[in-house]
Amino acid sequence: MTTTVTAQTPADWPATEEQARAVQDALRARVVLDEPGPPPGTGRVTGVDVAYDDERDVVVAAAVVLDAATLAVVAEATAAGRISFPYVPGLLAFREIPAVLAALDALPCPPGLVVCDGYGLAHPRRFGLASHLGVLTGLPTMGVAKNPFAFTYDDPDAPRGSTSPLLAGAEEVGRAVRTRDGVKPVFVSAGHRVSLANACAQTLALAPAYRLPETTRRSDALCRAALRTAAYPA
DNA sequence: GCGACAG
DNA sequence: ATCTTGTCGC
């Protein structure tokens, strides 16, 4: 059963890029990086993703809860709303978070570890979507992105499980993780209350058969399907 | 200054 | 993110 709700953009949501960057600078200090996070294969893991229809000004977020041991779907929810911010590199969170928060709130059970489609610490101001969502909810969060953004990395060795640092200059902000032999890696970073090493281990545990973790695959499919049938939000 | 840049 | 058909291969 899937719960569907309406998402509202908060009244105090930033209206300009300057305001949004100021929010990131203010919240960044609240990120917790000294917790390892839950062991892979234990408890629950929730994938969140968002789909857009700019023509209709509709955004739909999905949250899909998986049993970490079996990767079976335990619960899922979607939230539809109006687009709250334009896409600006470095400010993705302001476009996705209101809908994602509504979807998480609509879940009938605790989400456990939250896996985001995007970055956490691997961000120009070290405060990407996953970190932002973690600070707002208090939940352990991590990011798995499909592209290296503006960061550099050396291609990991071919075997699944190989990794290489994702670098901002000399700083390791994340890791390129090979989830399938010889296939383009995914880009993992810590969000909140999860270590980078654990985020990489979680990613491998969540991606036994495909390049992308099951959390992202399931949440991506759900928000896209929901977008097709979404009514115009209030 | 110009371009590149998670989704 | 989204626009988009068929096609090659396991």
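Numbered from 1 within each chain, the chains take letters A, B, ... in sequence-line order.
Nucleic acid contact for A:Gly90: base, since at least one base atom lies under 4.0 Å from a heavy atom of the residue. Among the heavy atoms of the strands lying under 4.0 Å from A:Asp49 are primed sugar atoms or P, OP1, OP2 only; no base atom is included. Residue A:Ala51 is in sugar-phosphate contact alone, with no base atom involved, counting any heavy-atom pair closer than 4.0 Å across all strands shown.
Of the candidate nucleotides B:dA6, B:dG7, C:dT2, C:dT2 has the atom lying nearest to any side-chain atom of A:Arg224.
Rounding to whole angstrom units, CZ of residue A:Arg125 and P of B:dA6 are separated by 14 Å. The interatomic distance linking A:Asp220 (CG) with B:dA6 (P) rounds to 16 Å, in whole Å. Whole-Å rounding puts the A:Phe151 CZ to B:dG7 P distance at 12 Å. A:Ile83 has its CD1 atom 12 Å from the C1' atom of B:dG7, to the nearest Å. We find that CZ of A:Arg228 is positioned 12 Å from P of C:dT4, with the value rounded to whole Å. We find that CZ of A:Phe149 is positioned 10 Å from P of B:dC5, with the value rounded to whole Å. For the pair A:Tyr52 OH and C:dA1 C1', the interatomic distance rounds to 7 Å; values are reported in whole Å. In this structure, CG of A:Leu227 is placed 12 Å from P of C:dA1, rounded to the nearest angstrom.
Annotation: side chain of A:Arg178 is not in contact with side chain of A:Asp157 (no heavy-atom distance under 4.5 Å). Here the side chains of A:Tyr119 and A:Leu129 are not in contact, with every heavy-atom distance at 4.5 Å or above.
Here A:Lys146 does not reach the OP1 or OP2 of B:dA6: none of its side-chain N or O atoms lies under 4.0 Å away. The phosphate of B:dG7 has OP1 or OP2 within less than 4.0 Å of a side-chain N or O from A:Asn147.
If you look at A:Tyr52 and A:Tyr87, their ring centroids are not closer than 6.0 Å. Here A:Phe94 and A:His132 bring their ring centres to under 6.0 angstrom of each other.
Here the shortest heavy-atom pairing between A:Leu139 and A:Pro111 reads CD1-CG, 3.5 Å.
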